[in-house]
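Values below: all heavy atoms of this structure, side chains included; hydrogens, waters and symmetry mates excluded. Here the structure is a predicted model, which means the values were calculated and not measured. In the text below, chain A, chain B and the rest are named by the order of the sequence lines, each starting its count at 1.
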Amino acid sequence: MWLRRLSTDRIERRLPASDETPRIIVRPVKSALRICAFNDAAAALGLKLGMPLADALAMYPSIAVHEADHQADSALLEAVADWCDHYTPLVGLDRPDGLILDISGCAHLFGGETVLARDIVVRLARQGLQAQVAIAGTVGCAWAMARYGTASLVPENALGEVLLPLPLTALRLDDETVAALAQAGLRQIADVVNRPRAPLAARFGEGFLRRLDQALGRENESIRPRLPLPSYMAERRFTDPIALESDVLGALGQLARELGHVLERRGEGARLLQAVLFRADGKVYRLEARTGQPLRDPERIQRLFIERLAVIGDECDPGFGYDVIRLSALVSEPFEPTQSGLVGPDTQAELAHLVDRLSARFGSRRLTRLVPQDTHIPDYAVAAIPAQAARQDAAVAPVEQESRALARPLRLFERPEPIEVVAEVPDGPPIRFRWRHVLHDVAVAEGPERIAMEWWHDDQGHALTRDYFRVESKEGARMWLYREGLFERETVKPRWFLHGLFA
Amino acid sequence: MFAGMPATLCRLRDAVARIEGHETNLIAARMLSLGVRPIDNVLQGGLTPASLHEVAPAGPRDIGAAIGFIVALASLAGRQTLWIQTDFAAREAGTIYGAGCDPFGLPARELLIFKVARPLDVLWAMEEALKCRALSSVVAELPDDASIADLNATRRLTLAARAGGGFSFLLRHRSSLLTSSAETRWHVAAAASRPDRFGGLGRTAFVLSLTKNRRGPIGQWTIIWNHHERVFSAFSLGVAQAAFDRPDRTPLACVG
């Protein structure tokens, strides 16, 4: 597919349709502005690519001039590629202004290849983009026919004949090779097809022969799809686009049932689900939902997307409606559910589903499990791992206890709070301290528990040793305080912090 | 009738389980007994599942005690616990520390921690979590007095709790005067613990005040939590010791 006037169409689709001004796009080439694209009206005036801007303006002062914006063009090309996803998932970008779609096996869904080609052209025209589409058995042939040929559909065995009259630039060669071939008097594909290959390779390089073979089908060429291919997919097309959220969810529910059947037949469950909503005017929305355990229950899949839509539903503006909705399983795993008896509900699956729903709605990093880490620094001794990713069999290593009380606090502050403490120097326990403007008198203090920071991780030598104390105030409140820095060995004025609360 | 439906289902499930010879471990039939006779008598057996219980600290310095009380109850309830708190509550009073709650009695692998941005999200998440039967207790921690958890909100939570059958606790950082449809309301204060033989910190002690009880009278008790055996017991001063008198300037006992 070749989007002939991509750059000018990008500008023109925002303008009213009756605007017929000739329009050119200029790009600085070696410190002179030259034309790099123009629309049909400008072509009719006789402007050519590479003409300096000054000459063009001298000839036709009233043409509209725009600066080249490759990023915007590229973004538009990718948006069109996204939209073409609903014809086939195998869409490759052919920069700067082309797309390659692999429609083997998809064409019958649209009523045949010719109908498909016409459908693409018509729909893109509605979106304001001119396109030329050619369908052929090889990538090279399709490319050549879209740009230089006249037929839009090339039958299987007519590849060679159709290519013969085309010029050699239709083979995706670079300019130097084309110039060298022209010097040798070879201008059309017909000239080179039947020549002996070894001299051609010697003179013009292997790349030239490879392009020729790719076009004629002697060598295989596959496209590189932009997006990963889903393992399983179910989609629904609507002749009358739907816009209500409840309808969208209903459609997703039906698709989830179909997907569930397919997954069940293969004995797999989905770990990453994606719902793609194609708007009638070309915009595409993708919603993803992750699960902790493989899932194929249709109701649960639908509820995951209810949560996702609740979060980002405001950004998905249906516009005139969605005409294609697709549900795919991007990642799947083998999954054999255990038979649940009549005794009780499958609580493990229910818990996993609750975890998935809460993670889908609020983000998976907010719902965590505590997993012990191999470090003695209290801040990092226990890490919070997202519950969807955590494995259930990790156990916390018990801390040695000498007394009846507990060694580690029940609650830890992420940032230890600075407190003012009265304590004996150099390393006596706290006697009185003020935390959040409240004075506490210490009745009993246990400690110190000396925890040195990991000097092997610390380059500047700033890590100060901590002496932890478990204190109980006169009222009975128990807290975990520490003094940071050894007096006169590490720092002149050690600071005190409150790190945690006991029960 | 709301309470009737799950009760019938539970009865049928129990019957099938008995016939099949499985052990029934459904929570809906179980009350959470605290193990201290005076409290259990007042509660008619223990804390009821499938209903909301509110806990608040008696004063601003008792927040640790209130949290400890709930963690102890959650460990008695068994199986999985979900703890929901706002980011602000985490800044005010920290987050559950895995190395600390394990020895306290609640294994860290049975705990799920959920931090949300807004108190409204806490209530929504609690409602959804209560309907899940796999969680034996759900705790929602709201900073300040949580005026967002008013009568309507607590009524919704109670209905959700009835559907699920687990225990639900609402922890407010400050006690509130709002009416709520909670089954019981507790104020927890820290109590000075009885020091051990070496003069160190003793077992965790709380002063529990039951300020609202739908099933009986209210009262106040001092109890200890034995984290080794995971039981509550009444706070006794010991037979041989007289009333424990702490002078104002206690000489510090440093162990370690």
| Largest heavy-atom contact set with chain A, pairs under 4.5 Å, which of B/Gly100, B/Gly68, B/Ala66, B/Ala189 | B/Gly100

| Which one of A/Glu417, A/His353, A/Arg357, A/His499 has the most heavy-atom pairs closer than 4.5 Å to chain B? | A/Arg357

| request: Against chain A, work out which of B/Phe69, B/Phe104, B/Trp124 has the most heavy-atom pairs shorter than 4.5 Å and name it. | output: B/Trp124

| said: Please classify the contact between A/Glu414 and chain B as side chain, backbone, both or neither, with a heavy-atom cut-off of under 4.5 Å. | reply: side chain

| said: Please classify the contact between B/Asn226 and chain A as side chain, backbone, both or neither, with a heavy-atom cut-off of under 4.5 Å. | reply: neither

| Which region of A/Phe502, side chain (C-beta onward) or backbone (N, CA, C, O), has a non-hydrogen atom less than 4.5 Å from a non-hydrogen atom of chain B, or is it both or neither? | backbone

| said: Shorter than 4.5 Å, heavy atoms on both sides: which option in B/Thr204, B/Val207, B/Asp87, B/Leu112 has the most such pairs with chain A? | reply: B/Leu112

| Intermediate values then yes/no, side-chain contact (heavy atoms from CB on, under 4.5 Å), B/Phe114 and A/Val355 | CA-CA 10 Å; B/Phe114 192 35; A/Val355 167; over 6 Å; no

| Closest non-hydrogen atom pair between A/Phe413 and B/Glu92, with its separation | CE2-O, 3.3 Å

| note | In short, B/Leu111 meets A/Arg369 closest at the heavy-atom pair O-NH1, 3.4 Å

| Considering only heavy atoms, which portion of A/Leu501 lies under 4.5 Å from any heavy atom of chain B: side chain, backbone, both, or neither? | side chain

| remark: For A/Leu354 and B/Glu128 the tightest heavy-atom approach is CD1-O, 3.9 Å

| task | Please say whether more than 12 non-hydrogen atoms of neighbouring residues, nucleotides or ligands are located less than 6.0 Å from CD in A/Gln293. | result | no

| query | Has B/Arg156 got more than 12 heavy atoms of other residues, nucleotides or ligands less than 6.0 Å from its CZ? | reply | no

| Leading residue by heavy atom contact count with chain A [cutoff under 4.5 Å; candidates B/Asp62, B/Ile96, B/Leu106] | B/Ile96

| said: Between A/Leu410 and chain B, with a heavy-atom cut-off of 4.5 Å, which part of the residue counts as in contact: side chain, backbone, both or neither? | reply: both

| said: Rounded at 0.5 Å granularity, tell me how far CZ in B/Arg91 sits from CZ in A/Arg415. | reply: 7.5 Å

| task | Assess whether atom CZ of A/Arg290 is packed by more than 12 heavy atoms of other residues, nucleotides or ligands within 6.0 Å. | result | no

| request: Can you tell which part of A/Glu307 gets under 4.5 Å to a heavy atom of chain B, answering side chain, backbone, both or neither? | output: side chain

| By a 4.5 Å heavy-atom criterion (distance strictly below it), what part of B/Ile63 contacts chain A: side chain, backbone, both, or neither? | side chain

| note | Value for SG (B/Cys101) from CZ (A/Arg411), rounded to nearest 0.5 Å, stands at 10.5 Å

| remark: Residues B/Tyr97 and A/Leu370: closest non-hydrogen pair is C-CD1, 4.4 Å

| field | Toward chain A, the part of B/Leu82 with a non-hydrogen atom under 4.5 Å | value | side chain

| request: Please flag which part of B/Val116 lies under 4.5 Å from any non-hydrogen atom of chain A: side chain, backbone, both or neither. | output: both

| note | Most contact-rich option vs chain A, by heavy-atom pairs under 4.5 angstrom, among B/Ala93, B/Cys132, B/Ala129, B/Ala90, is B/Ala93

| said: Between B/Phe206 and chain A, with a heavy-atom cut-off of 4.5 Å, which part of the residue counts as in contact: side chain, backbone, both or neither? | reply: side chain

| field | Structural part of A/Arg436 lying under 4.5 Å from a heavy atom of chain B | value | side chain

| query | How far apart are the closest heavy atoms of A/Val438 and B/Arg61, and which atoms are they? | reply | CG1-NH2, 3.3 Å

| task | Find the one option among A/Gly500, A/Pro378, A/Ala477, A/Ala349 whose heavy-atom pairs under 4.5 Å with chain B are most numerous. | result | A/Pro378

| How many angstroms lie between CD1 in B/Ile84 and CZ in A/Arg366, if you round to the nearest 0.5 Å? | 13.0 Å

| query | So which part of B/Trp225 gets closer than 4.5 Å to some heavy atom of chain A, the side chain, the backbone, both or neither? | reply | neither

